[in-house]
Structures are given as structure tokens and as C-alpha cells.
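Here is the structure we will look at.
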Amino acid sequence: MARTVSLPRTARSTARRRARRTLSVLAAAWLVLSLTPPPAHAALAEVYVALGDSAAAGPLVPNQIGPDYGCLRSDRNYPHLTARAIAASTFRDVTCSGAKTTDMYESQDTELGDVAPQLDALSQNTTLVTVQIGANDVGLTDFIEDCLNLLPPPIGDACNDDYNAGGQDQWRVATDALRPRLTALVSDIRARAPQARIFVVGYATYARQNGCYPRVPIIRADANYIRATLMYFNQMLAEQAASAGAGFIDLQTPSAGHDPCASPGVRWIEPYVPAAPAAPFHPNALGMRNFATIVTTAVTGAR
């Protein structure tokens, strides 16, 4: 039978102290590891879907991409640039020029064929949605085109007179009528993408105070009317987004001074005769880059 060797008392005490120290070090290491946040690359990647009209699609901004060429969609619009900036794991851009809120639910007819309802791009896995819509519902683009005035006052007539009848502003009436549709749209987006953070994106500054006639041939009274109308419209978007529990991204305030009156290289929105590849009164490539910065900051800061 083997003999049991007993350690001296001092040796046993030293061994126990060493064992306790080892356990303490291991416990401390475990605590540090459990409290250390995961590295950035381990963060949950976004599944991003962009919805909207031409203000988001980027008509004529290089490069125009398919498969829905009738949507006049750019691969350098703010949704694409935002998707790259946030390193989205999956990205679907279904923005389409000419889209209205009804095109969220129904096929949209374009010059080059029908495109699927935009809400079809959503899924249970979608984590981020931006939606810029509503301007075509109330005809704001046509309104700005109607205010083109090649004859200065007093020869030229103010176009805003045509939109006020019986003491009612046609554009404000149409804007207010859109409110329930936008609230319902956010609700329907949430139903299809319950995990998603939803952001309603506003519209940029299309006219500065008092205008800049004749550089942009909109007379002073009409420039102020367009400005006030867009401000009211953006306010409505912000209010409906808040009431529906969605975020709102303001493009109007940061684009002040970058309107169509600004010089090339400064403006983010092109005038009636664009100097950069873009549709009239739509964002150019510089505008899309700046809008992407604004949108990226908003969606990452809200996590």
C-alpha cells in the first residue's frame, strides 16, 4: 500500500493561498469578459429597405440603374449611400420617380413598364425603413413648374393667386387630407416589418426667401408662397411621423442656402435648367451625398 505523504502545515497554507489567488484571477477575467462590449463588427447588421418617390430615387443622377429603369433610380441616391455608410447586410431600394402613397400598395405604371408595390420589399427581417413620399399626392412638383414666370412683375402674374379660392389654400387643404394616409402607411409598414425602425424623410428647400429672379424665374411672391407651402408640408410629415411613432428626418433646414438659387457646386437642388445631371427641382449628386450624411447620422444615432 502506498504511503500518504503529508505536507507540512506551512506548505499546505501556501498551496491554499495560491489556489485562492488562481481562482480570483480566473473570476476577475470572467467578469471582464462578460462586461466587455462585443467588437463593432459583431453588431447586428441592418436589413434596410428604402421607399419613396423621385426625391429619394434621384432621376438622371449618374448612374441610373435597373431593373426598374422607369423609376429613374440612381445608384448614388441617398438610400444607396446610406446603405454603404451603415454597412447594411441587405439593402433593397424600391424608390420610384412619380410614386404616390397608393404606389406603396399597388403596382406603379412607369414609362418603361409596371413596378411592384413598394411595400412588397418589406419582410419580417427588415430592421430599417426610410420613406419619403407624399409630394406627388398633392402635386407639389406640378405646382413649382406652374410658377415658372419668364415675365417679371408687373407683367407676369403670380401663380399663387390660382391656388387660393374662397379663402382656402388649395395646397394646405390637400396637405391636411394626406395626414391619415401617412399615419396608416407607417402602421402598414410596421405590420409588415415589425422589427424595423421607421423614418419618414422630409423634403429639401426648393425656394429661398424672396427668390432670386431672374436666376430662377419665380417671382418674389411665388417664391415665398412655395417656401411657405413646403414648410407646412414638412411640418405635416413631422407631425404624422410623431403620431405614428416613427422618426422624422429634416432635410429642409440643413439644405437652406443650397436651394436652386445657389451657384453650381453649392446647390443641392437643381433649378429649371440644371447645370448638373439631375431632373429640374430635384437633388443632384452633391445633394444626395449630403442627404446621405444627414440620414446616416439620424438612423445611427437613434439606435
Side-chain angles (χ1 to χ4, degrees), residues 47-84 88 90-123 126 128-145 174 178 181-182 184-186 188-189 192-193 196 198-204 206 233-234 237 240-241 246 249 251 268-270 274 277-285 287-289 291-292 295 299:
V47 178
Y48 172 29
V49 175
L51 313 172
D53 57 25
S54 56
L60 305 187
V61 175
N63 300 301
Q64 297 288 288
I65 56 172
D68 304 319
Y69 287 100
C71 286
L72 300 177
R73 187 185 303 138
S74 172
D75 66 355
R76 288 176 173 81
N77 60 18
Y78 76 74
H80 273 81
L81 298 179
T82 298
R84 294 171 201 164
T90 304
F91 171 55
R92 293 198 67 186
D93 180 5
V94 291
T95 59
C96 194
S97 297
K100 299 179 180 180
T101 53
T102 52
D103 297 312
M104 301 293 108
Y105 305 90
E106 304 169 1
S107 296
Q108 180 181 346
D109 180 25
T110 75
E111 294 294 331
L112 298 176
D114 290 350
V115 297
Q118 293 193 26
L119 292 187
D120 286 0
L122 301 173
S123 73
T126 304
L128 174 64
V129 177
T130 58
V131 54
Q132 187 173 25
I133 200 72
N136 292 318
D137 288 75
V138 299
L140 288 176
T141 302
D142 294 337
F143 163 44
I144 295 174
E145 291 176 356
L178 189 59
R181 274 184 278 166
L182 288 170
L185 175 59
V186 173
D188 291 334
I189 291 172
R192 297 189 186 213
I198 305 168
F199 293 86
V200 175
V201 182
Y203 291 83
Y206 290 89
F233 191 80
N234 279 321
L237 292 177
Q240 298 315 115
I249 301 177
L251 299 186
W268 299 352
I269 305 292
E270 289 298 313
F281 284 89
H282 281 77
N284 55 30
M288 286 298 187
R289 289 197 296 273
F291 294 154
V295 173
V299 302

message: With rounding to the nearest 0.5 angstrom, report the CG to CG distance, Leu72 to Asp53.
response: 12.0 Å
- prompt: Would you call Tyr48 and Thr130 a side-chain contact if the rule is heavy atoms closer than 4.5 Å?
  reply: yes
- prompt: Just by modelled atom types, is the Gly70 backbone N or O under 3.5 Å from a matching donor or acceptor in the Asp68 side chain?
  reply: no
statement: For Leu81 and Met288 the tightest heavy-atom approach is CD1-O, 3.9 Å
Asp103: side-chain hydrogen bond (donor to acceptor under 3.5 Å, both in side chains) partners, not counting sequence neighbours: none
- prompt: Does any N or O in the side chain of Asp137 come within less than 3.5 Å of the main-chain N or O of Thr101, such that one atom is a donor and the other an acceptor?
  reply: yes
By side-chain hydrogen bond (donor to acceptor under 3.5 Å, both in side chains) - contacts of Ser97 (at least two apart): none
query: Shortest non-hydrogen contact from Arg73 to Asn77?
result: CG-ND2, 3.8 Å
statement: Those residues at least two apart in sequence (or on a different chain) that pass ring-ring contact (aromatic ring centres under 6.0 Å, His included) with Phe143 are Tyr163, Trp171, Tyr225
message: Nearest 0.5 angstrom please: Glu106 CD to Leu119 CG, how far?
response: 11.0 Å
query: Do any N or O atoms from the side chain of Gln132 and from the backbone of Ser54 form a donor-acceptor pair under 3.5 angstrom?
result: no
- line: Here the pair of heavy atoms bringing Phe281 nearest to Tyr206 is O-CE2, 3.1 Å
- line: In short, Pro117 meets Met104 closest at the heavy-atom pair CB-O, 3.6 Å
- prompt: Going through the checks in order, is the side chain to side chain contact (heavy atoms under 4.5 Å, CB included) test met by Phe291 and Thr82?
  reply: CA-CA 9 Å; Phe291 294 154; Thr82 298; over 6 Å; no
Side chain to side chain contact (heavy atoms under 4.5 Å, CB included) assessment of Asn234 paired with Leu251: CA-CA 9 Å; Asn234 279 321; Leu251 299 186; over 6 Å; no
query: Would a distance-only check, ignoring hydrogens and angles, find a side-chain to backbone donor-acceptor pair under 3.5 Å from Ser74 to Val61?
result: yes
query: For the residue pair Ile133 and Leu237, what are the closest heavy atoms and their distance?
result: O-CD2, 4.0 Å
task: Please round to the nearest 0.5 Å and tell me the distance separating atom CD of Gln240 and atom CZ of Arg181.
output: 11.5 Å
- prompt: For Gln118, what residues pass the side-chain hydrogen bond (donor to acceptor under 3.5 Å, both in side chains) criterion, not counting sequence neighbours?
  reply: none
task: State, yes or no, whether a side-chain contact exists between His80 and Phe91 at a heavy-atom distance under 4.5 Å.
output: yes
message: Between Leu51 and Val129, is there a side-chain heavy-atom distance shorter than 4.5 Å?
response: yes
task: Take atom CZ of Arg92 as the centre, draw a 6.0 Å sphere, and report whether it contains more than 12 heavy atoms from other residues, nucleotides or ligands.
output: no
- request: Determine the minimum heavy-atom distance between Ile269 and Ala204, stating which atoms define it.
  value: CD1-CB, 3.9 Å
Any donor-acceptor pair under 3.5 Å from Tyr203 side chain to Ala135 backbone: yes
query: Between the main-chain N or O of Asn63 and the side-chain N or O of Asp75, is there a donor-acceptor pair closer than 3.5 Å?
result: yes
Residues in side-chain hydrogen bond (donor to acceptor under 3.5 Å, both in side chains) contact with Asp188, at least two apart in sequence or another chain: Tyr105
query: What residues, two or more places apart in sequence or in another chain, satisfy side chain to side chain contact (heavy atoms under 4.5 Å, CB included) together with Ala241?
result: Val200, Ala246, Phe248
